[in-house]
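Data block below; observations after.
Numbers restart at 1 for each chain; the letters A, B, ... are given by sequence-line order, proteins then strands. Worth knowing before you read on, the calculation uses all heavy atoms, side chains too, and leaves out hydrogens, waters and symmetry mates. What you see is a predicted model; the values in this text were computed from it and never measured.
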Amino acid sequence: MTPALSEALPGKLLAWYDAYGRDLPWRMKGKKPDPYSVWLSEIMLQQTTVAAVRDYYNKFISQWPNIETLAAAPLDDVLKAWAGLGYYARARNLHACAKAVVEQHGGSLPRSFEELLKLPGIGPYTAGAIAAIAYDAPHPAVDGNVERVLSRLHAIETPLPDSKPLIRKIAQDLVPEKRAGDFAQALMDLGATICTPKSPNCLICPWTDQCRGRIFGVAGTLPRKSAKKAIPTRKGYAFWLTRNDGSVLLRRRPEKGLLGGMMEVPGSEWTEKLPEGDAPLIASWRKLPGKVEHTFTHFHLEITVLAATVVDAKPPPYCRWVAVQDVDAEALPSVMRKVVAHARKMVPLRHPVQGRSPRHGTY
DNA sequence: AACGCGTGGGT
DNA sequence: TACCCAAGCGT
C-alpha cells in the first residue's frame, strides 16, 4: 500500500465515526471521557455484546458512581450486581482492581500502558483501550472486531490466532497521532455495524476503496480461523431443599474456577457419567420431572433436580438458608437461575411433598 | 501455548 | 437446529 493511501485511512474512518458512531452510555458526548467509565465498560465488554452490557453498566454506575465507592463495596455485592453477565472472574478482578487503584494510585487509573497492564483484569487489549480512549494516548486496541476488519483490509489468509502478531503491527501503524481514542472506538464501531462477521456491508464502508478483502471478493469469509473441537456433555444433580418456613438452602461456590464465588443450589459434581454421592442433608428426595440444560464455553450441562422439605436443619458447610422471595437478589449465575425456576415451577411452597421411594441421604 | 472461563442473541 | 459469535484475561 502506498504511503498516501495508508495515511488516508484514519482520516476516512474518523470522518465516518463523527457521522455514524454509536451513541453508548459510556461515551460522553462532547465531553472528556471519564476513565472510571471507560475502564468499567471495557471490562464488561470483554467477550460480551453491547446489548448485554448496557443495563449492567447503568446499574453499576448508579450503585457505584466512582472507583472509591466500588472499592469500598463488599465483593458479594459486586457479584450480585454482576450475576447473569458471565465470566465471573471479571467481577472479582474488577473489585480487586478498584482496591488496588485506590490504595496504590490515589484513586486514579494510571495513564501508562505498562502500569495499566499490571492491574488485575487488564490485559493488552484493555490497557490499550483505556490508554487510548481515556487518555488519548496513541495505542491500538486490538479486539475481535479489529482483527476482523484488518484481516479483511489486508486480505490476510493466515488463520487466527496465528495472524495476531501481524494484525497487531498493522493496527499499531494505523493509529493516528491525534484522536487515538476516537480512532480505537471508530474501528470497533466499524466492525460492529458494517464490517460484521457475516454479510459485511461493503457498499457503505468508509474503507471500501482500500479493502483488499472486498476487492478480491473474500471479505465475508475472513478472518480464517483454526477449527475448534466439539464440547462434551456433563451431568449432575441439584438439591432443592426447602424448609417449612419458606426458605431454601443455597451454597457459596469456591472462590476460583467455574462460577467462582457465586451462589448455587447445592449439587453433585458435574461429570460425563451421572455421578453418585451424598445429598447435603438427610431427607426424602424426589426427582423432579425434566432436566435443566445449559451450555458453558467448554461443556454442555444437564442437571436433574431433586427436591425435599425439612422442618429445620443446621446449614452444611458454605450453605445458608435464604427466604425464597430473596433468592432473586442473590449472586446466582444464569445456570442456577434456571435451576431455581425449574424447582419453583414444580415445588409449591409450604406444601411439602411426600417422597415416593425415600432414600435417606443418598441419591 | 493452550486451555478454562458464561451468556444470550443472531443466522 | 446447531452452530457461531462478542470491546480477552489468567494460568
Side-chain angles (χ1 to χ4, degrees), chain A residues 21-22 24-27 33 37-57 79 82-94 96-97 116-134 139-149 160-162 164-165 168 171 181 183-193 195-199 220-221 223 225-234 253-262 264 270 293-301 331-338:
Chain A
R22 289 176 294 177
L24 299 171
W26 44 90
R27 289 184 182 167
S37 300
V38 173
W39 165 68
L40 177 60
S41 63
E42 289 300 338
I43 300 298
M44 287 185 164
L45 287 161
Q46 288 168 3
Q47 297 286 283
T48 309
T49 58
V50 166
V53 163
R54 196 183 296 265
D55 289 350
Y56 284 87
Y57 173 83
L79 293 177
W82 197 278
L85 196 55
Y87 283 141
Y88 298 98
R90 292 185 296 171
R92 304 193 299 270
N93 286 331
L94 183 84
C97 183
L116 287 164
L117 204 51
K118 293 178 185 170
L119 291 165
I122 298 181
Y125 162 76
T126 305
I130 295 173
I133 300 170
H139 286 275
V142 182
D143 71 331
N145 284 307
V146 176
E147 287 172 352
R148 183 172 60 256
V149 171
L160 287 168
D162 290 356
K164 282 187 181 222
R168 174 163 289 280
F183 181 77
Q185 297 179 91
L187 208 40
M188 292 188 276
D189 276 21
L190 186 70
T193 64
C195 197
T196 49
K198 294 168 184 172
S199 309
T221 71
K225 291 189 178 179
S226 43
K228 45 188 83 166
K229 55 185 176 184
I231 62 178
T233 296
R234 296 183 189 170
R253 292 179 61 87
E255 301 215 348
K256 296 194 173 183
L258 183 66
L259 310 175
M262 302 296 285
E264 66 178 352
W270 299 335
E293 296 191 44
H294 190 79
T295 303
F296 294 103
T297 314
H298 52 300
F299 64 94
H300 300 292
L301 180 60
L332 287 169
S334 291
V335 60
M336 287 300 150
R337 287 175 194 269
K338 288 184 188 176

So, does A/R148 get its side chain near the phosphate of C/dA6, meaning an N or O under 4.0 Å from OP1 or OP2? yes
Using a cut-off of strictly less than 4.0 Å, decide whether A/Q46 has a side-chain nitrogen or oxygen near OP1 or OP2 of C/dG8. no
For the pair made of OH in A/Y87 and C1' in C/dG10, what is the distance, rounded to whole Å? 12 Å
A/Y56 side-chain N/O to A/A83 backbone N/O, donor-acceptor pair under 3.5 Å: yes
In whole Å, measure the gap between the P atoms of B/dG6 and C/dT11 for me. 14 Å
Quick one: are A/S37 and A/Y57 in side-chain contact, heavy atoms under 4.5 Å? yes
Checking the side chain of A/R168 only, and the main-chain atoms of A/V142 only, is there a donor and an acceptor separated by less than 3.5 Å? no
Rounded to whole Å, CE of A/M44 lies from C1' of C/dG8 at a distance of 16 Å
Heavy-atom nearest nucleotide on DNA chain C taken for A/N93 and for A/L45; more 5' hit belongs to A/L45
Please work out if A/T297 contacts a base, only the sugar-phosphate, or nothing of the nucleic acid, heavy-atom cut-off 4.0 Å. base
Tell me the closest heavy-atom pair linking A/A141 and A/A184, and the distance in Å. CB-CB, 4.2 Å
By nearest-nucleotide position on DNA chain C, the 5'-leaning member of A/R27 and A/K256 is A/R27
Looking at every strand, decide which applies to A/K229 at a 4.0 Å heavy-atom threshold: base, sugar-phosphate, or nothing. sugar-phosphate
Determine: side-chain N/O of A/T49 to OP1/OP2 of C/dC5, distance under 4.0 Å, yes or no. no
To the nearest Å, give me how far apart NZ (A/K225) and C1' (C/dC5) are. 7 Å
Pick base, sugar-phosphate or nothing for A/I43, based on heavy-atom distances below 4.0 Å to the nucleic acid. nothing
The residue, A/K198 or A/R92, whose nearest nucleotide of DNA chain B is more 5′ is A/R92
Classify the nucleic acid contact of A/W26 as base, sugar-phosphate or nothing, counting any heavy atom under 4.0 Å across all strands shown. base
Any side-chain donor near an acceptor of the partner, A/R90 and A/Q46, under 3.5 Å: no
Between C/dG8 atom C1' and A/L116 atom CG, what is the distance in whole Å? 15 Å
A/L258 has an atom CG; how far is it from atom P of C/dT11, in whole Å? 16 Å
Is A/S41 touching bases, backbone alone, or none of the nucleic acid, heavy atoms closer than 4.0 Å? nothing
Between A/H294 and A/F296, is the ring centroid distance below 6.0 Å? yes
Taking the side chain as every heavy atom from C-beta outward, state whether A/K164 and A/E147 have any atom pair closer than 4.5 Å. yes
Contact between A/R92 and A/E255 at the side-chain level, heavy atoms closer than 4.5 Å - yes or no? no
Starting at atom NZ of A/K228, determine the distance to atom C1' of C/dC4, rounded to an integer number of angstrom. 7 Å
For A/G84, report the nucleic acid contact type (base, sugar-phosphate, nothing); a contact means any heavy atom under 4.0 Å. sugar-phosphate
DNA chain B: 5'-most and 3'-most nucleotides touching chain A, 4.0 angstrom heavy-atom criterion: B/dC3 to B/dG8
For a quick check of understanding: with a heavy-atom distance under 4.0 Å over all strands, which category does A/L24 fall into, base, sugar-phosphate or nothing? base
Under 4.0 Å between any heavy atoms, over every strand shown, what does A/V50 touch: base, sugar-phosphate, or nothing? Just pick one. base
